[in-house]
**Student:** 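Encoded as structure tokens, here's the structure I'll be asking about.
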Amino acid sequence: MPRQKLVIVGNGMAGIRCLEEILKIDPDRFDVTVFGNEPYPNYNRIQLSKVLQGDTVLEDITLNSWDWYEKNDIRLYPGETVIEIDQDNHLVKTDKNRITPYDKLILATGSNPFILPLPGVDKKGVITFRNIKDCLKIIEYSKRSKDAVVIGGGLLGLESARGLLDLGLNVKVVHISDYLMNRQLDKTASHLLQLQLEKQGMEFLLNKKTVEITGNEYADGLKFSDGDELKADLVIMAVGIRPNIKLAEENGIPTHRGIIVNDFMETKIPDIYAVGECVEHQGCCYGLVAPLYQQGKVLANHLCEEKTDGYTGSIDSAKLKVSGVDVFSAGQINEQENTKTIKSYDGWGMTYKKVLVENGKIKGAILFGDTRESTHLSRLINKEADVKEYLNTETEKNSETSVVCSMQDDEIICGCNGVEKGTIVQAIKEKGLTTVAQVKACTNASRSCGTCKSLVADLLKLTIGDEFDSTKKEEPICECTTMTRDEVVSAIRTMGLTNVREVMNVLDWENKEGCSKCRPAINYYLNMVNPSHYVDDQESRFVNERMHANIQMNGTYSVVPRMYGGVTNSDELRKIADIADKYQVPMIKLTGGQRIDLLGVDKEDLPKMWKDLNMRSGFAYAKSVRTVKTCVGEKFCRFGTQDSIDMGIQLEKKFEGLNTPHKVKMGVSACPRSCAESGIKDVGVIGVQGGWEIYVGGNGGTKLRTADLLCKVKESGEVLEYAGAFLQYYRENAKYLERTSAWIERVGIEHVRDVLSSKETRDQLNQRMDEALSTIEDPWASVLSNKETQKKLYQKVYVGGNEK
Amino acid sequence: MGKNVFVTKYSQLPVNLGKTVLIGEKNIALFKLSNGKVYAIENRCPHREGVLAEGMISGEYVFCPMHNWKIGIVDGVVQEPDEGCVRTFPVKIQNDDIFIVIEDLDSQSIKYPDKCVYNESFNE
């Protein structure tokens with residue numbers, strides 16, 4: 001039977017989730033085409049405000065990579081908009097004149113930001129906040145703006161305001177009502193919220209109606225109905241969203257506020273369905289992810305002819321995603337005549353709880369300051385639970401234990417994805433999960449808005465006990481700060497930090513001067529993020545990397561010149577021998593990396609020796625690509641299948657001197673006998689008939705580890721391509737001082753394989769790698785060309801005439 | 001009384017990078033900190049004799065390049081969890097000249113860090 005043609009208009013969270021559900025039920029049922037007007041794969045829109053706030057980076061909010069579409073045989077047309085639906089012939093037409101037939105059509109067009117129809121809204125510097133493009137635009141504008149004004153004191157307005165604060169702007173929020181988040185909160189909660197946000201540096205203008213945006217080409221201010229004016233060079237319009245119903249409307253599909261659907265997400269037109277924010281179901285439109293996912297599931301079941309009870313509507317609930325502020329609201333929030341409330345208010349600790357009860361049933365709740373009860377309350381509100389059920393859990397609750405203890409197995413932990421406690425516990429037990437990230441990967445819990453992460457962590461603790469404690473939280477990078485590696489790197493990226501001191505200042509290091517752990521790490525991360533412009537901080541380098549030589553036990557140094565692939569010649573050897581004599585080098589030794597080590601050199605002799613040697617530094621002292629060990633290979637060896645020496649030299653020439661989180665050792669062998677020990681190298685290459693095998697994450701040191709096979713390739717050019725992509729991915733993701741072996745143990749070889757399997761990703765990684773490589777200089781030559789450095793670092797002070 | 005020994009110019013001493021100073025047989029690490037102050041301590045970590053002049057400087061502490069012991073530059077005291085101390089030498093600055101005050105090693109008036117018990121191995 002030929003597959004039915006399914007066309008999805010919209011490449012966002014709702015449409016793609018529905019598609020995921022379909023693929024789960026029956027992957028071969030449909031031939032799928034997706035149109036999306038944004039030039040990105042499906043990403044997590046909820047996290048955009050976190051990107052703005054610097055808590056995460058754009059690359060990390062992708063939900064389905066390009067690969068996912070490819071693997072599932074989905075034709076994706078990103079950056080293409082459907083403009084016409086021909087119902088009679090079952091065809092859609094796009095703005096690029098592409099005509100695609102459908103058997104079933106899903107409209108998942110989402111919503112558009114609502115723009116107040118004011119004079120001046122079309123000026124530059126007036127931006128909405130809805131998609132990646134807006135997000136990038138705001139970051140761009142923030143670089144040349146000082147005073148930002150956010151119009152709208154709702155969820156989105158406050159989240160973007162916090163982001164603007166993090167981007168270093170003065171932020172004022174203009175709100176039309178007399179209190180913030182008036183649709184989700186009562187005045188008491190709103191007051192606490194305002195206090196908290198003011199503490200963070202936001203200013204508020206309440207009861208203000210904007211009537212005009214002033215300025216010429218660029219916005220320079222706002223005018224209000226009461227005649228007041230306000231200066232602003234960046235205006236964010238965040239007054240709300242409206243379902244995007246344009247396509248439906250223009251093509252005769254009945255709409256009201258949204259596209260009208262029944263319980264099975266069917267529009268009034270046969271074979272056309274709608275799901276997500278663009279939908280109106282029983283008079284309600286939803287802008288939160290949980291209802292949209294429920295709708296997606298219903299529609300998937302319906303399309304695959306599985307049994308489903310249909311969609312019956314959702315209770316509105318909301319959480320504010322602003323760091324340092326916990327707010328939750330669900331269901332009914334304002335008292336009416338026949339409602340009773342359970343309240344507690346702590347003005348000092350700034351916590352507030354209000355639970356609304358109507359006729360003995362839980363109808364709604366607001367939590368401020370402590371939102372751990374939120375998922376529990378959501379569930380009670382959804383099923384209109386008896387108030388007794390709530391009060392019982394209240395008394396059971398011990399302040400020391402998390403609410404997850406008292407939750408039933410069928411209670412929802414992750415509201416966005418509808419993941420129950422039982423499902424998570426089962427996954428933890430059966431699959432031996434130990435981290436929140438693993439739970440996320442296996443169960444989808446915390447994959448969307450991320451606010452249930454702490455509950456997932458509590459569940460892990462509850463289920464596996466102490467075992468979890470050790471892995472519970474990523475460690476801060478050192479004792480000077482509470483921030484983790486990822487947090488620091490993401491702050492560097494989003495805030496554009498440029499030197500070690502600035503990082504420690506801006507990120508509020510407790511120990512202002514840093515220590516020998518964090519400073520080299522920050523120095524590395526800064527260089528990794530921006531290799532072209534970063535100026536290395538010598539004071540934050542370990543002695544070896546500052547001196548470009550290995551310090552020895554007695555304070556002398558060793559000198560290891562570069563010998564590509566371990567190949568030398570008689571002239572070079574003669575020269576080295578002469579220099580060893582000239583400087584009375586106490587020991588000459590062959591290193592494990594196939595080169596020559598001159599040990600016991602006084603620091604004052606280093607520059608002189610380098611000059612005499614006239615060879616490049618071997619970087620034997622650095623967290624860097626060290627050597628590429630090679631076997632003899634096909635040129636001389638009777639077993640050799642490939643030219644391992646040439647391959648090794650190519651690798652070494654390309655990557656020599658590259659800054660890496662820890663040292664990187666490589667090896668190239670010409671046959672599986674692996675005489676260059678490729679199986680215990682960070683990157684090990686083994687030649688086989690007609691190609692190469694690339695191994696990664698091997699280690700022959702402290703923690704012996706056999707390398708994992710990354711892939712097999714045919715050409716030596718591909719070896720360079722994969723090695724480059726691998727090293728760059730390692731550079732961008734490993735913690736400083738984490739060897740590839742430890743890193744791969746942590747992230748999993750499958751993950752690395754998966755990432756590097758995409759040609760596009762490899763190309764991007766290699767592009768960034770090339771940028772990093774283009775900045776490398778030979779450090780010995782640099783020292784020799786700079787008298788000042790020679791004096792500063794290598795000269796001693798002699799008193800009493802014992803100078804050499 | 002100690003003897004003022006001229007060692008180098010203040011303006012020529014790099015900030016936050018130690019300088020090796022040899023006065024006779026004595027090996028001294030000289031530091032100019034980010035607060036502009038200059039200190040001199042024995043260039044030898046009490047642990048395994050690491051050269052402190054090459055260590056990373058953090059505020060008023062230096063991390064020994066050998067095994068990362070953290071040592072107070074001002075008072076010579078090794079920070080916990082390790083213990084011990086290194087000798088400190090008084091420094092005088094006049095105009096742009098830096099002097100290290102060297103006392104007779106045999107004299108009883110040698111200044112050792114208050115918290116530390118004199119360790120025989122320091123004796124040269």
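Below, chain A is the first sequence line, B the second, and so on; all start at residue 1.
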**Student:** Would A:Asp682 and A:Tyr730 count as having a side-chain donor-acceptor pair, cut-off 3.5 Å?
**Tutor:**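 Not at all, the side chains of A:Asp682 and A:Tyr730 share no donor-acceptor pair under 3.5 Å.
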**Student:** For residues 547-555 of chain A, give me every residue with a non-hydrogen atom less than 4.5 Å from any non-hydrogen atom of chain B.
**Tutor:** A:Met547, A:Ile551, A:Gln552, A:Met553, A:Gly555
**Student:** Let's test your reading of the structure: which of A:Lys512, A:Lys791, A:Arg519, A:Lys517 forms the most heavy-atom pairs below 4.5 Å with chain B?
**Tutor:** A:Arg519
**Student:** Search all heavy atoms of B:Lys19 against all heavy atoms of A:Gln795 and return the closest pair with its distance.
**Tutor:**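 Nearest pair, atom of B:Lys19 first, then A:Gln795: NZ-O, 2.9 Å.
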**Student:** When the ring planes of A:Trp780 and A:Trp610 are compared, do they come out parallel, tilted or perpendicular, using 30° and 60° as the limits?
**Tutor:**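 Ring orientation of A:Trp780 relative to A:Trp610: parallel.
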**Student:** Which bit of B:Val7 comes within less than 4.5 Å of chain A, counting heavy atoms only: side chain, backbone, both or neither?
**Tutor:**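 Both parts, heavy atoms under 4.5 Å.
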**Student:** May I have the list of side-chain donor-acceptor pairs in residues 28-41 of chain B shorter than 3.5 Å, sequence neighbours left out?
**Tutor:**
unit_1  : atom_1 : unit_2  : atom_2 : d
B:Lys32 : NZ     : B:Tyr10 : O      : 2.8
B:Lys32 : NZ     : B:Leu13 : O      : 3.1
B:Asn35 : OD1    : B:Lys37 : N      : 2.9

**Student:** Return all side-chain donor-acceptor pairs below 3.5 angstrom for residues 49-61 of chain B, not counting sequence neighbours, or 'none' if the list is empty.
**Tutor:**
unit_1  : atom_1 : unit_2   : atom_2 : d
B:Glu54 : OE2    : A:Lys603 : NZ     : 2.7
B:Ser58 : OG     : A:Gly514 : O      : 2.5

**Student:** Does any heavy atom of chain A fall under 4.5 Å from the side chain of B:Asn68, the backbone, both, or neither of them?
**Tutor:**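 When you check distances to chain A, only side chain atoms of B:Asn68 fall under 4.5 Å.
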**Student:** Please check if any side-chain donor atom of B:Asp96 sits under 3.5 Å from a side-chain acceptor atom of B:Ser11, or the reverse.
**Tutor:** yes
**Student:** side-chain contact (heavy atoms from CB on, under 4.5 Å) with A:Asn659: which residues, sequence neighbours excluded?
**Tutor:**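 For A:Asn659, the residues satisfying side-chain contact (heavy atoms from CB on, under 4.5 Å) (neighbours in sequence not counted) are A:Tyr524, A:Asn527, A:Arg541, A:Arg731.
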**Student:** Counting only non-hydrogen atoms closer than 4.5 Å, does A:Asn544 touch chain B with its backbone (N, CA, C, O), its side chain (CB onward), both, or neither?
**Tutor:** neither
**Student:** At a heavy-atom distance under 4.5 Å, which candidate from B:Gly18, B:Pro14, B:Pro65 has the highest pair count against chain A?
**Tutor:**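 Ranked by heavy-atom pairs under 4.5 Å with chain A, first place is B:Pro14.
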**Student:** Are side-chain N/O atoms of A:Asp602 and A:Tyr583 paired as donor and acceptor at under 3.5 Å?
**Tutor:** no
